[in-house]
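Below, chains carry the letters A, B, ... as their sequence lines are ordered, and counting in each starts from 1.
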Number of protein chains: 4
Amino acid sequence: MTSKRPSAAGQASVSQETVFQAALRCFYVHGYDGASMRDIAKAGGVTPAAIYHYYSSKQDLLMDIISRFMQRSIDTTRSAISDAGDDPAEQLFAAARSHVLWNASDVVSSFVVNSEIRSLEPHNRQRNIAQRDELQRMFDAVVESGAAEGVFATPWPREASRAVVTMCTAVAGWYKAAGPLSPGEIADRYGHMSLSLVGSGTQVQP
Amino acid sequence: MTSKRPSAAGQASVSQETVFQAALRCFYVHGYDGASMRDIAKAGGVTPAAIYHYYSSKQDLLMDIISRFMQRSIDTTRSAISDAGDDPAEQLFAAARSHVLWNASDVVSSFVVNSEIRSLEPHNRQRNIAQRDELQRMFDAVVESGAAEGVFATPWPREASRAVVTMCTAVAGWYKAAGPLSPGEIADRYGHMSLSLVGSGTQVQP
Amino acid sequence: MTSKRPSAAGQASVSQETVFQAALRCFYVHGYDGASMRDIAKAGGVTPAAIYHYYSSKQDLLMDIISRFMQRSIDTTRSAISDAGDDPAEQLFAAARSHVLWNASDVVSSFVVNSEIRSLEPHNRQRNIAQRDELQRMFDAVVESGAAEGVFATPWPREASRAVVTMCTAVAGWYKAAGPLSPGEIADRYGHMSLSLVGSGTQVQP
Amino acid sequence: MTSKRPSAAGQASVSQETVFQAALRCFYVHGYDGASMRDIAKAGGVTPAAIYHYYSSKQDLLMDIISRFMQRSIDTTRSAISDAGDDPAEQLFAAARSHVLWNASDVVSSFVVNSEIRSLEPHNRQRNIAQRDELQRMFDAVVESGAAEGVFATPWPREASRAVVTMCTAVAGWYKAAGPLSPGEIADRYGHMSLSLVGSGTQVQP
DNA sequence: AATGAATGAGGGTTCATTCAT
DNA sequence: AATGAATGAACCCTCATTCAT
């Protein structure tokens, strides 16, 4: 049963957003099973029972967190590609760059989204897989078109595409705001490494 | 504190190995917090209390699983590198290849090891970080020596090295024995992609 | 840490009082370690989990029982002494008498309080010792003033004072409501015996 | 079922004595229910299972500890009285004195014996009550004979006798070997206080 | 919108005890 | 005489969730 929450669409109440953020932080620190509804309530400054005004269950909370983030990942990537013109190399560079930036901009969400998929119940997991596939397919399309045009030399476009998404997503696992590199610098480097990975001969010289 | 188990060394009893495997499978399916000691006991065909003959706690079980796997990851990689001769390109190819093979050969362990680090208590996490660093440093050394010798063109050896390990490890996240590619084929491709990533001009043509 | 219970002060809820009484009885019959939370819950007609609405732990329950009783012991004794005028003999008689009456009036609490001190965790035990000292010191002051004024002949006021408190407290260990003597009669006799113990020459003839 | 141990009579094996002492200490520190058989085994340097060679159960261990101590309390008191001649005052002085000495000489046993009676199962508790009565009756006899002869002025020989035993036994609850008074000095004082308690006019001047 | 009280199920862990060796 | 392995029951406590108010 889905909650009475207005989902990604309508304006969520202030309290709901508070609960959402509290849950996100708790799942990040303790994991889905390790975080209790009491923990979340305390972190959000509300009563455990109050959470059930916005979410029908703990699972519902997790699903909201994951699906919202994934949808924005998709939207962000789509925009980056469509703004990059027609050159597959420019498109891949832009897609990788934006994916790194997006994940580095919210490492907490990114980590939860990528580590708690297992905690989704079958029905929700299915929807999640669809979103992940949608994201992956955008990268696949870019790499495959580059391979078809001959600008990417890789003989395995599918593996390369998967590796690109994987390594860009993983940035959230180690990125620290206090590190020596800015998110933009890291994103640039991953853009170039992605081009290397697919065997692009026309990659912009760093 | 730690159990009477002979650790990675001596011959563990049959029952202990049974418990170990049962715990591994349960952690894989339900996660550390999601798996109960009763689940593990049932999966191993023993009593919950019997587990405590071999492991002092649930945490002790997780630590054994993780540290054993990490140690073998280190040993495997070290052997691969030292058997590969003096050429950094050959070394990186061999290291990436063996790392993919190792993780694909035991996706269950690999997944648990790479997703339950958060569940380690501070003391154990510290030891785990040391092992992860040891593994990463072996790849770093290869990439850096290649960069110093001029056989790797990458301007960012450190990021490239991290990306290589990341993407090879992640193979366990999607590899299925029933897939179209054999582990050896996948490993080969990742070997080559790793060389691309570091800008190797001397990579063997696939 | 400590529960939300209003302690000795405010009005405790009916359910909390029920739990308190159930725990008291269980500790009396089985001892602290021998009584289980399930026993207590059953005795109070509630669920085990419900107990944790009022008390944060089994230890918290014990501490509430002990500290409440001790505080009333102190208050009772203080009143008795201050109502007894200036004569140390009258004061000691009154103090011993009221202490016997108090302990005989609630042998269950008295027994638990005096036999489960060991079960207190260090922090709580410390607070308990302070209360016991406060009670003992009131008797000490009376005996010492009597010795100083020469109305008590005992050469060892400190030992005598301790013996008085000991023997009066111990009444709870054997007093039975069905016995041949009323609490008042027993209290009178212990008042006189206390005067004997300190070598009072002016004790009222029984 | 009683154990195969040779009871208080025959020569106990060295190991059994070790187990006995370990149990005594554990019961002293943690209480009967609070001490586990594993605790006792560890304290005695043996295996939990080994304990069952000497004692049939945990309860059997407690009973052995309590009944041995009580029997010696009785024997000690009987000797003291019979060695004291015919004067009830001398007898009471000697009995109180020896009882204090005995309890102060083994505060650990004394504490366990006097605080774990509740932990005895019905059958064993009955036997314990018989021993306690036997001890009390020896004091009663002395006080009553003194009252009959007119050398003790107390109008309540029974209460006085109980108070004497109580306060002497309780010495074990606070006596510390490092204290300012030697056991002998404390015993003397309690002997004199006992005479005061029964209203003896012929008590030896301290 | 929000709460405090309550629940039944289950959490990790320890228990006294047994038994084949 | 002594052990290591094992058990079934029970331990204290916390869980997600409900519901009258």
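Side-chain contact, A:S57 with A:D60: no donor N or O sits under 3.5 Å from an acceptor N or O.
B:Y28 pairs by the ring-ring contact (aromatic ring centres under 6.0 Å, His included) definition with B:F111, not counting sequence neighbours. Take A:D33 and apply the side-chain contact (heavy atoms from CB on, under 4.5 Å) test, not counting sequence neighbours, and it matches A:S119, B:D33. Qualifying side-chain contact (heavy atoms from CB on, under 4.5 Å) partners for A:R72, counting only residues two or more places apart in sequence or in other chains: A:R68, A:W102. Partners of B:E121 by side-chain contact (heavy atoms from CB on, under 4.5 Å), not counting sequence neighbours, listed by chain and number: B:Q59. Residues that satisfy the side-chain contact (heavy atoms from CB on, under 4.5 Å) test with A:T18, not counting sequence neighbours, are A:V14. Contacts of C:F20 classified as ring-ring contact (aromatic ring centres under 6.0 Å, His included), with partners at least two apart in sequence or in another chain: none.
Going from atom CG of A:D60 over to atom P of F:dA16 covers 15 Å, rounded to whole Å. Nucleotide F:dT14 holds its C1' atom 17 Å from the NZ atom of C:K58, rounded to whole Å. The interatomic distance linking D:Q16 (CD) with F:dA1 (C1') rounds to 13 Å, in whole Å. Rounded to an integer number of Å, the gap from NE2 of A:H53 to C1' of E:dA2 is 5 Å. Atom CD1 of D:I51 and atom P of F:dA1 are 15 Å apart (whole Å).
A heavy-atom distance below 4.5 Å is not found between the side chains of A:H30 and A:I40.
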Could you pull out all donor-acceptor pairs under 3.5 Å where a side-chain atom in residues 42-51 of chain A meets a protein atom, sequence neighbours excluded?
none

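Considering only side-chain N and O atoms, A:S57 lies nowhere under 4.0 angstrom from the phosphate OP1 or OP2 of F:dA16. Applying the 4.0 Å criterion to OP1 and OP2 of E:dA2, one finds that A:Y54 has a side-chain N or O inside that range. Contact annotation: B:S15 reaches the phosphate of F:dA6 (side-chain N/O to OP1 or OP2, under 4.0 Å).
Within residues 29-48 of chain B, the residues approached by DNA chain F to less than 4.0 Å at the level of any non-hydrogen atom are B:R38, B:T47, in residue-number order.
Positionally, the nearest nucleotide of DNA chain F for C:A49 lies more toward the 5' end than for the other of C:A49 and A:Q59.
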For DNA chain E, please output the secondary structure as dot-bracket, reading 5' to 3'. Pairs are Watson-Crick or G-U wobble, both atom distances under 3.5 Å; mark crossing pairs with [ ], other-strand partners with |, unpaired with a dot. .||||||||||||||||||||
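Relative to the side chain of A:Y52, the nucleotides E:dT17, F:dT17, F:dT7 differ in distance, and F:dT17 lies closest.
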